[in-house]
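Every chain is numbered from 1 and lettered A, B, ... according to where its sequence line falls, protein lines coming before strand lines. Heavy-atom basis, side chains included; hydrogens, waters and symmetry copies ignored.
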Amino acid sequence: MSLKVYNSLKRQKEVFTPINPPYVGMYVCGPTVSGESHLGHARPYITFDVLYRYLMHLGYKVRYVRNLTDAGHFEEEGREAEDKISKKAVLEKLEPMELVQKYTRLYHWAMERLNNLPPAIEPTATGHITEQIEMIKKIIADGYAYETNGSVYFDVEKYNTDFSREGQPYGILSGRILEDQIESTRELDNQDEKRNKSDFALWKNAPPEHIMRWQSPWGEGFPGWHIECSAMSRKYLGDEFDIHGGGMDLQFPHHECEIAQSAVCNHKMMARYWMHNNMITINGKKMGKSYNNVIKLTELFSGEHPLLTQAYAPMTIRFFILQSHYRGTLDFSNEALQGSEKALKRLLEAHDWLAQQQGLGNDDAAATDPELNGKVDKLLNEFTEFMNDDINTAKVVANMFELVSVINAIKDKHLPAAALRKDIAAQLQQQMKLFVEDIFGLKNERADNNGKLDGVLQLLIDIRKDAKSRKDFVTSDKIRNELSALGVQLKDEKDGGMSYTVA
RNA sequence: AGCCGCGUGGCCGAGCGGAAAGGCAGGGGUCUGCAAAACCUUUUACGAUGGUUCGAAUCCAUCCGUGGCGUCCA
């Protein structure tokens, strides 16, 4: 059975066939590092991280490219118009690079906390000005762009006319018809510089106070909003690559413009499979700057935001996102996050216990419970089946929980461990580890302290056991309650054992 | 205006033509010195109205609500 993904370009699920197996090229639109990442940004990065991990698990050699936008229309968050910023930045001697570095570091920190693997290449727009200029020159030379007052615009109408004949009209990805849009575009700055309203900027002339500027054949300026992705994906993945991903809101105009620019330069549809994740909503609305409903990742991790009743761990966020399918909207609320927090805790505790077991299962297959074996086997096999069906992590999670019930039943001896066949038990351990840790990237966030904490707690557990055996409940309760107040929960187990979890 | 999309229990979410996954919360129970955890068990749902079909949450139509794009934003 092979992997199928929903291709936005074709509006249907398709079998994934790489252009040059076993190599896979994947480009995902990264953040603009002029501000902090928020919960909404976490979704595409987690979604495509899981896809990246899954593709590698399938044996593909993946080159994952995710850009950093650090040039162009730039403003630090919390401030207003661009020119004000530039002026203020000049007055305060604030280097654009300072902003970029600050937010890049924060972004990398958040990605690591969310346990997203770093992409193979993380190119920056400022590092590829030359490539962008070269691409723009080529587009002008071919007659699909024109210069006005030091700015360069892409001629969308000409492109649409010519490339429609090649079966690639402008709007092919988002299903828009150019004629329908011409009437509908709103007023923008410098609209009079464009031949048509639907034209978009490839290069913008920089006004004197603009602090980010580069020399170009058209004077000092900065690149347009879409050209970097065309230039950088081409440089690192070639004229035609396998997967292009990003948020649904980028489909139009960003990805549409990328396609047009690349098509002029390479005469190819740049990517075969276009994958778009849906939005995270908060009270039903997209989380975004313009709605003033943004919860930054730092705020989420610390709990410091008026909309938050508590802090949420990065793994809780990751799990919350994986509990839904990436193409559906996901609605944020404290109640939902709290639900995920508890669910994840239960999943990881069962998973940890399972991972520690040795020699689980019964050698004597005849003495095992065929119904149980069949159930576990089926649930495990479906992991792959669901992932192959357009990365349905929600269904995989559902199966994981059915297995958690089985695992806990064995742990608590409600089910005899001997009911499970040896090979099924081994498969259970192997598959749970593979999917929970390697593919979903979930891990216990217990602080790593070289086992010192564990030693200390083991001592307290021994003292408590001792006290209990003497029926000295004052002492045993004191240990339990005071540890609880410190965020360490002791759990008495069936066989007289004790374990703990750190909140 | 237009172009896409969505509306499933208290909450979050799968399913997308054949008896409504899973998680959280709530109820009852087992276990426990008491708890917690765990396990068992259980209440509650397909926006509305028509249609197609032997059969619809799933297809079609209309309506209502709502979101995204359209404009910097994942």
Side-chain angles (χ1 to χ4, degrees), chain A residues 8 11 28-32 34-35 37-45 47-48 72-75 77 82 171 174-177 180-181 183-189 198 225 245-254 256 276-281 284-291 294 319-320 323-325 327-347 349-350 353 382 386 392-402 404-405 407-415 468 471-473 476-477 480-481 484 489-494 498-501:
Chain A
S8 307
R11 274 158 257 266
V28 173
C29 290
T32 300
S34 61
S37 297
H38 57 73
L39 176 59
H41 294 111
R43 173 107 101 147
Y45 307 139
T47 298
F48 290 103
H73 187 92
F74 227 78
E75 59 186 69
E77 61 185 22
E82 185 193 9
S174 54
R176 280 154 201 268
I177 312 290
D180 294 348
Q181 293 173 52
E183 305 292 316
S184 65
T185 311
R186 282 202 201 167
E187 286 301 321
L188 286 173
D189 288 345
S198 50
W225 307 323
M248 232 172 202
D249 51 351
L250 291 182
Q251 209 172 15
F252 188 91
H254 183 58
E256 209 69 74
H276 293 97
N277 63 275
N278 214 318
M279 306 294 104
I280 285 184
T281 56
K285 277 201 168 184
K286 181 175 82 155
M287 188 174 288
K289 280 185 203 168
S290 43
Y291 295 110
V294 167
F319 180 71
F320 174 63
Q323 268 183 304
S324 69
H325 183 80
R327 281 195 292 116
T329 52
L330 172 58
D331 202 44
F332 165 88
S333 67
N334 281 289
E335 211 176 351
L337 259 294
Q338 280 158 10
S340 292
E341 183 180 82
K342 290 193 179 173
L344 176 63
K345 189 175 172 208
R346 193 156 81 89
L347 172 65
E349 279 175 23
W353 180 85
E382 282 172 344
F386 295 155
N392 198 329
T393 55
K395 287 180 104 175
V396 175
V397 169
N399 274 25
M400 284 176 179
F401 278 102
E402 297 215 29
V404 164
S405 292
I407 293 164
N408 282 332
I410 292 170
K411 177 185 166 197
D412 283 358
K413 307 196 167 44
H414 291 120
L415 262 179
K468 275 184 70 170
K471 300 221 186 290
D472 176 6
F473 297 123
S476 70
D477 284 357
R480 185 221 283 156
N481 295 340
S484 168
Q489 184 183 44
L490 289 188
K491 292 186 275 195
D492 295 350
E493 283 164 5
K494 277 287 153 88
M498 256 177 236
S499 64
Y500 68 91
T501 54

All side-chain contact (heavy atoms from CB on, under 4.5 Å) counterparts of K491(A), not counting sequence neighbours: E349(A), Q489(A), S499(A), T501(A)
When rounded to the nearest 0.5 angstrom, what is the spacing between CD in E382(A) and CG in N392(A)? 11.0 Å
Does A36(B) have a Watson-Crick or wobble partner in any strand here, with both distances under 3.5 angstrom, and which is it? none
Tell me what G175(A) touches on the nucleic acid: a base, only sugar-phosphate, or nothing, going by heavy atoms under 4.0 Å. sugar-phosphate
Does the side-chain ring of F252(A) lie flat on the base of G70(B), meaning centres under 5.5 Å and planes less than 30 degrees apart? no
If you measure from the C1' atom in A21(B) to the same atom in C63(B), how many Å do you get, rounded? 31 Å
Side-chain (T393(A)) to main-chain (Q323(A)) donor-acceptor, under 3.5 angstrom: no
Suppose you measure atom P in G65(B) against the same atom in G70(B); what distance do you get, rounded to whole Å? 24 Å
Take atom P in G5(B) and the same atom in C12(B), then report the distance between them in whole Å. 23 Å
Of the listed nucleotides A36(B), A38(B), C3(B), the one nearest the side chain of D412(A): A38(B)
Contact nearer the 5' end of RNA chain B, comparing G339(A) with M248(A): G339(A)
Touch class at under 4.0 angstrom, heavy-atom based, for P253(A) against every strand present: sugar-phosphate
Once each nucleotide of nucleotides 10-22 of chain B is scored for protein heavy atoms under 4.0 Å, what B/S/- sequence comes out, 5' to 3'? BSSSSS-----BS
With sequence neighbours left out, what residues match H38(A) under side-chain contact (heavy atoms from CB on, under 4.5 Å)? H41(A), M287(A), V294(A)
Provide the Watson-Crick or G-U wobble partner of G50(B), both distances under 3.5 Å; none if there is no partner. C60(B)
Between G23(B), C69(B), C39(B), which nucleotide has the shortest distance from any of its atoms to the side chain of A343(A)? G23(B)
Among residues at least two apart in sequence or on other chains, which ones pass side-chain hydrogen bond (donor to acceptor under 3.5 Å, both in side chains) with N481(A)? none
Base partner of A1(B), which must satisfy Watson-Crick or wobble distances under 3.5 Å: none
List the residues meeting salt bridge (Lys or Arg N to Asp or Glu O under 4.0 Å) with K345(A), not counting sequence neighbours, and say none if there are none. none
Distance in angstrom units between N278(A) CG and G5(B) C1', rounded: 8 Å
Given G2(B), G33(B), C39(B), identify the nucleotide with an atom nearest to the side chain of R480(A). G33(B)
Between U43(B) and A48(B), how many Å separate the two P atoms, rounded to a whole number? 22 Å
Any side-chain heavy-atom pair from S324(A) and R43(A) closer than 4.5 angstrom? yes
Tell me, please, which residues at least two apart from T281(A) pass side-chain hydrogen bond (donor to acceptor under 3.5 Å, both in side chains). D331(A)
Mind checking K471(A) for me? I need base, sugar-phosphate or nothing, with any heavy atom below 4.0 Å counting as a touch. nothing
Quantified in whole Å, what is the C1' atom distance between nucleotide A19(B) and nucleotide G15(B)? 14 Å
Searching all strands shown, indicate the nucleotide that pairs with A45(B) (Watson-Crick or G-U wobble; both distances under 3.5 Å). none
Is the phosphate of A25(B), meaning OP1 or OP2, less than 4.0 Å from a side-chain N or O of K342(A)? yes
Which nucleotide, if any, forms a Watson-Crick or G-U wobble pair with C6(B), using both distances under 3.5 Å? G65(B)
